[in-house]
Amino acid sequence: MVLKIFFPQCCNRAESGLLVGRWISGHDSAVVLAVIHYPFIPAQVKQYIQQMQAQSRVDLTVLGSWSLPKDGQEGMESFLRDLSTIFPQERWLQIRRQFGKTGFSCEVLSRDQICGKNPGEKAEKKKKKSEEDGGDAEREDEEKVIFVHYEQRKVMLSQLHPVEAQESGNGSEPNSELRQVFGTVARSQPLFVLDRYDDGPLRSTHWQSEGREASIVVELLKRASVPLGLLLGRMLSVWTWICSARILSVFPLRFLFSKLSTCVQLSYRTERLQTLGAPQAAPQAAAHMDFMRKANVLVSVLLDVSLGVLLMSWLYRDQNIAMLASNMVPAADRVAQKLEELLQWLMGAPAGLKMNRALDQVLGRFFLYHIHLWISYIHLMAPFIQGILWYGGLSACLGLTFALSLLSDMVALFTFHIYCFYVYGARLYCLKIYGLSSLWRLFRGKKWNVLRQRVDSCSYDLDQLFIGTLLFTILLFLLPTTALYYLVFTLLRLVVVLFQGVLHLSVDFINSFPLFAMALRICRPYRLAEGVKFRVLCEEPGTALHLLMEINPLKCSSVVQTYRTPTYSCYPRDSWVALVKKLFIGELIYPWRHKTTKSD
Amino acid sequence: MEDEAFSNISGKAISLDCQTHSSFCREFTVSSPKMSIGKVMVYTCSVWLLAYAVFFFTENTAVLSSAILITLTGMMLHIHFVKVDHESLLVIGSLGIQVSSSYASGREVTTFIEMSRIKDIVINEAVYLNQIIYYLCVLLKEPSEPNVVSSVVPLFQSSKPRLNCLAKVYESCQEILSKCQ
Amino acid sequence: MGPDGAPSQSVPWRKVLWEWQPFPDNYVDQRFLEELRRNEGIRQYRYWAVVKEAGFVGQQLSCVAIFITLWLYMEQGLLAPETLFWTSLTCALLGYGLYQALTSQTESCSDHRTHLADSQSAALFLSFTFGFSPVLKTLTESVSTDTVYAMSALMLLAHLVSFPYAHPSPPGSLSLNAALFASVCLASRLPGALHTFAMLTCALLVFALWPCLLQRIRANAPGQFTGVCVGVCVGGVGGLGSQSLGGAVLLSLALVSVTLICPLLLVRLQRHKDNIHGPWDEAEIREDLSRFLH
Amino acid sequence: MGQRRKVGSTNTPSSQSESADASKVHSRKHNICMVSDFFYPNMGGVESHIYQLSQCLIEKGHKVMYNQSTATTCFHSLPLLRCVFVRERITVVHAHSSFSAMAHDALFHAKTLGLNTVFTDHSLFGFADVSSVLTNKLLTVSLCDTNHIVCVSYTSKENTVLRAALNPEIVSVIPNAVDPTDFTPDPSQRPPDRITIVVISRLVYRKGIDLLGGIIPELCLKHPDLHFLIGGEGPKRLVLEEVREKYQLHDRVRLLGALEHKDVRGVLVQGHIFLNTSLTEAFCMAIVEGASCGLQVVSTRVGGIPEVLPEDLITLCEPTVRSLCAGLEKVIAKQRSGSVPSPTSIHSRVKNLYTWKNVAERTEKVYDRVAGEEVLPLDRRLRRLRSHCGPVAGSLFALFAVLDFLFLLLLRWLAPDRHMDMAVDATGPNGLWKENRKNSDAGC
């Protein structure tokens with residue numbers, strides 16, 4: 001078997017002492033966490049380890065001894081060997097580093113050997129139990145050792161992905177060796193609190209934190225954030241109470257709210273903020289996910305609000321609002337005028353198409369009347385537009401997303417006439433298509449069998465055939481006219497839907513993008529680890545194999561995938577083919593979000 | 001530490017570098033031939049000629065500058081995402097297997113597979129485009145059900161060595177794996 | 001199976017697989033293909049019988065020609081719509097009487113359509129056509145005349161191709177619909193709404209009701225059937241001839257080839273028929289098995 | 001893409017040398033490639049034929065590999081097939097079933113590559129309709145320069161010879177076989193107080209399920225102790241269900257649905273009479289299986305069925321409801337009087353009629369014969385195509401053959417043979433690769 005020793009890089013140059021760490025059962029590997037230096041009182045070491053064990057829930061043990069001989073420190077050999085009797089273990093590691101050499105040498109002693117006291121052994125050799133009676137050097141079984149050097153701080157802080165939910169939740173160890181190593185280092189954080197400059201009874205070497213001053217600032221900030229959080233939480237609870245208590249769930253209101261994207265965004269934001277106040281999840285892995293989710297939400301909300309404030313500061317400067325408002329009515333007028341021109345064009349012979357004149361005139365007049373209605377409505381509204389914009393602009397202080405949602409709603413309201421045209425056109429067209437398809441079946445002497453969901457042949461009566469053909473002919477010759485109207489208004493509608501879709505997409509992007517996780521991935525790549533990679537360090541003949549363990553950071557795409565905040569998806573809910581098919585048969589299309597398609 | 005010459009499935013020369021770090025740690029590196037200057041020249045020239053032809057008819061200088069831009073970005077993308085310079089396989093007994101491929105730009109993609117997830121290393125046959133090739137792959141298992149192959153990780157995917165090269169790698173991998181069982 | 005050498009002729013070969021036989025696997029016996037039969041159950045056609053059947057096709061062709069002739073007259077204003085309408089109505093009544101007479105000769109009341117239902121249908125036809133004729137009149141206004149002609153020609157051809165010549169009563173959906181579509185197209189080119197109405201009534205008579213009557217004649221009075229067919233053909237050629245001579249020549253050529261030449265070809269080519277039958281043929285189920293189900 | 005499975009392979013130099021010493025007539029070992037669109041896990045006559053034949057041939061020391069693919073068209077499949085043929089050092093290509101497009105492709109390309117070809121036809125075809133005219137033309141083209149053809153019955157041979165306009169001398173008749181150990185009688189499974197008729201077939205029109213729908217009510221009304229056990233699935237299941245519904249025979253007619261091949265015996269042994277109502281059949285394996293399980297067999301007299309079983313083991317009827325009912329009545333009467341032979345005696349008669357060993361020996365003889373023949377070079381192949389398949393189709397396919405040949409030359413230039421790895425024999429005594437090739441079925 002090969003013995004793997006995970007050795008922290010910071011202990012490479014530590015003075016001689018005791019190795020403290022943990023044996024990983026089942027994998028034949030040891031994780032070295034710290035070196036406790038001489039001089040020490042063994043009883044104190046034992047007590048300290050027990051204390052640490054209780055704190056960190058890692059079964060810490062003394063793994064062996066570490067010696068980096070300096071000048072005038074010969075004769076350590078026998079002393080180190082004696083230590084093994086003080087700390088009785090199954091196996092005792094004696095790791096030694098010659099001064100000026102890069103490689104380590106390691107000697108593994110089993111318990112019986114320690115009792116047998118066989119001082120003449122060479123390093124890198126493990127004597128089998130059978131060796132005692134024979135003393136035959138030929139029968140030794142070569143035990144191989146791999147030193148895996150790791151950077152203690154990075155390993156401690158990093159989180160292996162995919163995050164396993166059950167990891168150390170119920171005390172059962174994960175199967176993977178690396179996960180165990182990572183878990184051990186992360187959990188033995190209390191061990192690293194002991195400072196080199198502490199005047200305690202023990203001195204040790206391990207990863208040292210950057211200093212206490214920074215942590216004091218952090219602590220103060222934490223203290224300060226508590227009342228702020230409380231205040232926010234109170235306000236949030238009042239708001240949710242208003243939301244739930246009012247008669248919002250009456251049918252017309254609820255329907256309206258589900259269609260207005262501002263209200264949807266409001267409820268979404270409330271829900272997200274509520275998760276911020278939720279209690280911390282207990283197990284470690286879940287805690288990590290929870291923390292990341294909260295941090296993501298917080299950061300994206302902050303970003304959103306700051307962008308919103310930026311927008312607001314632009315809006316309320318230099319009479320920008322008044323300018324917008326004064327431009328809006330002429331714009332609407334211009335749109336209406338263009339539409340009128342379009343209709344006049346359609347009522348002639350558009351693009352040389354042969355339309356049925358009578359039907360063409362009827363439809364054109366109908367739509368013209370509609371535009372007239374719309375224009376009078378806009379002019380009625382004109383004095384209030386500036387006020388609406390001014391108050392609407394205030395919503396930007398809640399965040400850019402609110403402003404965008406409001407914009408989307410306003411666009412929907414201002415283009416209501418286009419929507420109406422579209423609906424009339426689509427209904428008429430749909431009716432025509434439906435009638436034509438069934439009459440075409442009659443034309444061929446077939447009929448649709450509803451029960452068997454297929455087309456059956458059928459013999460019709462003479463009068464049925466006659467009337468059916470008559471209607472078929474009429475519908476067929478009227479179809480181009482209807483289809484043209486439908487096509488033009490559908491294109492208009494699609495432009496509006498596209499604009500709203502872009503707005504919704506950007507809102508969704510701001511809502512769901514895991515900004516915090518992304519920043520973490522860029523600034524501290526080791527925090528989110530996908531795995532590890534090994535590099536072979538320079539090898540000297542005669543010493544054990546040295547590997548350097550580095551952390552393989554998570555790919556950006558998987559960062560987004562893992563930490564994306566679930567939102568109401570506003571992507572087109574049917575595929576492009578389905579959309580085109582719907583357009584062809586004249587079904588109505590909507591840009592609205594659908595609560596049922598919630599993506600997790 | 002020897003460097004041997006083999007060929008890949010389309011007959012191009014590749015070299016296998018087998019480095020023994022210790023008795024249970026070996027590294028195999030398959031290096032593909034470097035990108036030939038001639039090929040680059042041919043592609044570049046064809047794009048530029050095309051651009052010049054378009055320019056001749058449209059007399060728009062934007063065409064020429066965009067052609068230059070396209071060749072440059074195309075080359076960058078090619079060496080960064082497509083062209084694999086060498087692929088290596090690091091087998092560490094009782095710890096795991098590390099697969100890495102480095103692109104011509106120096107980008108390196110590394111994956112480490114732990115020993116507890118490895119079921120075996122095998123040579124398999126597959127239909128690839130219009131031919132049948134041998135390839136080396138790592139069979140993975142789920143720790144919960146050790147007898148089922150849950151997925152397959154093919155090795156040396158871009159260099160695609162032939163059987164004799166694969167056999168060499170396979171034999172020494174099996175040697176290490178059997179030693180560290 | 002057995003050795004590949006020469007088979008001993010002492011044992012006769014049998015066409016069985018379950019018995020070991022001293023012949024090689026690829027042995028070919030005298031009796032190879034002896035169960036092959038050719039042209040089993042073939043029908044022999046007689047020329048004049050085929051011509052008589054083909055007369056129906058010629059007659060239908062002439063019907064289309066007559067309809068086109070009437071339309072030409074209408075378009076040129078040579079025929080008043082009232083005249084056409086009243087003539088059609090009279091013809092329809094006469095035809096109905098004849099139909100009833102032929103029915104009462106053989107089966108009395110196996111047909112469950114009453115006179116009331118018939119008159120209801122007639123009223124429906126007339127009222128719908130009359131109501132829709134102004135709409136139909138403006139329907140193809142903006143469509144160019146060439147398109148209308150091409151569409152009508154195509155539809156009339158479809159009518160001729162898909163007409164169920166074996167059982168023309170009731171007329172097949174597709175053929176009738178195509179003919180009606182064509183007549184609506186043509187009728188909408190006429191100068192007035194009343195013209196359209198009269199033309200559609202005429203189309204109904206020619207394409208929907210006439211085949212029913214003709215079928216009845218063919219079934220009950222085969223002797224007169226030939227005469228009627230010849231009469232219709234002559235009428236078609238004559239009518240078309242009064243408008244365009246070239247059309248009449250073309251029509252008569254088509255009639256000759258359909259009624260005389262095609263049957264001749266069929267009878268002649270009959271001799272070259274070579275149908276192979278044998279035990280490998282898929283057996284046919286000739287019984288009516290639906291009685292077990294219904 | 002295609003999918004490829006290794007059935008197994010056992011060609012070794014050592015066994016070759018051993019058998020060369022033996023004074024057998026056929027000392028030569030062949031590398032055979034079986035090609036068809038049908039293979040496991042779909043189970044049907046063709047599939048099991050290929051599988052069992054391959055197993056027996058492997059036992060006899062040949063190397064057999066199997067190739068199956070879907071959705072390939074004429075030239076597309078050439079590179080892949082060439083790769084297979086070269087890698088596995090194929091000497092004989094054996095294609096199965098005229099329905100399989102892959103089989104025709106493989107025959108065509110194998111001739112271009114200069115390999116010997118054998119074709120097995122498993123089905124009968126009429127001459128009447130347009131589709132069969134086209135299929136027959138294709139078969140003519142495909143078989144006109146194939147070295148040898150195998151048919152499963154004499155009727156099938158006559159049919160194939162007529163369809164493809166072949167010389168009957170190059171058509172061998174080798175019947176299908178049934179593994180008698182899989183189909184043993186077990187009379188204790190039969191319920192004592194009733195008579196059970198078993199039908200096992202796909203429920204499609206060609207299997208005469210409409211006839212069955214007429215027989216069931218006719219007989220069930222006459223014999224109150226008669227039960228039907230029907231295994232199989234298909235579009236005609238509706239007919240049987242409607243009949244069962246209408247005559248309220250739910251307790252007497254059991255529809256078992258699709259059966260696995262291994263479950264067939266368990267169903268067969270529950271019955272007394274096996275009924276086959278096929279309208280066309282080249283060689284009916286079902287009736288042999290039925291007889292092997294000791295059942296009385298009643299069948300229609302169509303295709304090659306009269307050749308399959310001796311007269312005293314089968315009752316042949318015309319494919320009409322009346323004739324089949326009469327035949328069944330006769331057998332039922334015999335069954336009641338107890339004058340039928342015992343299942344064990346029937347089994348012992350049937351079990352040696354058709355064995356895979358026999359089939360493999362006879363097929364091997366075909367391979368030996370074929371291996372000695374020369375493959376037509378391109379010019380003679382073209383001449384043969386022109387002279388044999390008519391001026392239009394012949395010229396067309398001659399053009400195809402030339403194109404195919406040019407394509408092959410191109411491929412040889414693009415990817416020479418020496419760049420292909422020869423397939424390693426997995427289970428030979430030189431088992432260097434024993435461990436790793438165990439998993440070579442895993443596919444990718």
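Reminder, nothing fancy here: chain letters follow the sequence lines and each chain counts from 1.
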Notebook entry, point to check: For the candidates C/Leu36, C/Asp281, C/Asp29, C/Val28, which exhibits the highest count of non-hydrogen atom pairs separated by less than 4.5 Å from chain D?
Noted result: C/Val28
Check: Given side chains that start at C-beta, do those of C/Trp18 and D/Tyr354 come closer than 4.5 Å, heavy atoms only?
Finding: yes
Notebook entry, point to check: Is it the backbone or the side chain of D/Phe283 that comes under 4.5 Å from a heavy atom of chain C, or both, or neither?
Noted result: side chain
Check: Got D/Leu211 and C/Ile285 here, is their nearest side-chain heavy-atom distance under 4.5 Å?
Finding: yes
Margin query: Quick check on the interface: out of D/His148, D/Glu169, D/Glu218, D/Glu245, who has the most heavy-atom pairs with chain C under 4.5 Å?
Written below: D/Glu169
Next item on the list: Could you grab the distance from atom CG of D/Leu124 to atom CH2 of C/Trp280, nearest 0.5 Å is fine?
Entry: 9.5 Å
Note to self: Taking side chain as everything from C-beta outward and backbone as N, CA, C, O, which of these in D/Pro168 sits under 4.5 Å from a heavy atom of chain C? Side chain, backbone, both or neither.
What the structure shows: both
Check: Should D/Lys157 and C/Phe32 count as side-chain neighbours, where that means a heavy-atom distance under 4.5 Å?
Finding: yes
Notebook entry, point to check: With a 4.5 Å heavy-atom cut-off, do D/Phe127 and C/Asn275 have their side chains touching?
Noted result: no
Check: Is a donor on one side and an acceptor on the other found under 3.5 Å between the side chain of C/Asp25 and the backbone of D/Ile174?
Finding: no
Checklist line | Within-4.5 Å side-chain heavy-atom neighbours: C/Ile276 and D/Leu162 | finding: yes
Note to self: As an exercise, state the distance from CD of C/Glu35 to OH of D/Tyr154, rounded to the nearest 0.5 Å.
What the structure shows: 14.0 Å
Note to self: Please rank D/Pro175, D/Ser278, D/Gly208, D/Gly214 by heavy-atom pairs under 4.5 Å with chain C and give me the top one.
What the structure shows: D/Gly214
Notebook entry, point to check: Does the side chain of D/Arg369 reach to within under 4.5 Å of the side chain of C/Asn26, using non-hydrogen atoms?
Noted result: yes
Next item on the list: Working to the nearest 0.5 Å, report the span between CG of C/Leu17 and OG1 of D/Thr155.
Entry: 8.0 Å
Next item on the list: Under 4.5 Å, counting heavy-atom pairs only, tell me which of D/Val152, D/Asn159, D/Thr280, D/Val161 racks up the most with chain C.
Entry: D/Asn159
Note to self: Minimum heavy-atom separation for C/Ala283 and D/Val302, please, with both atom names.
What the structure shows: CB-CG1, 3.9 Å
Check: What part of D/Val171 is in contact with chain C, defined as an atom under 4.5 angstrom from a non-hydrogen atom: side chain, backbone, both or neither?
Finding: backbone
Check: Is the shortest side-chain N to carboxylate O distance from D/Glu158 to C/Lys15 below 4.0 Å?
Finding: yes
Notebook entry, point to check: Just wondering, more than 12 heavy atoms not from D/Arg322 lying within 6.0 Å of its CZ?
Noted result: no
Notebook entry, point to check: Is there side-chain contact between D/Leu353 and C/Glu19, with heavy atoms separated by less than 4.5 Å?
Noted result: no
Note to self: If you count every heavy atom of other residues, nucleotides or ligands that lies below 6.0 Å from D/Arg237 atom CZ, does the total exceed 12?
What the structure shows: yes
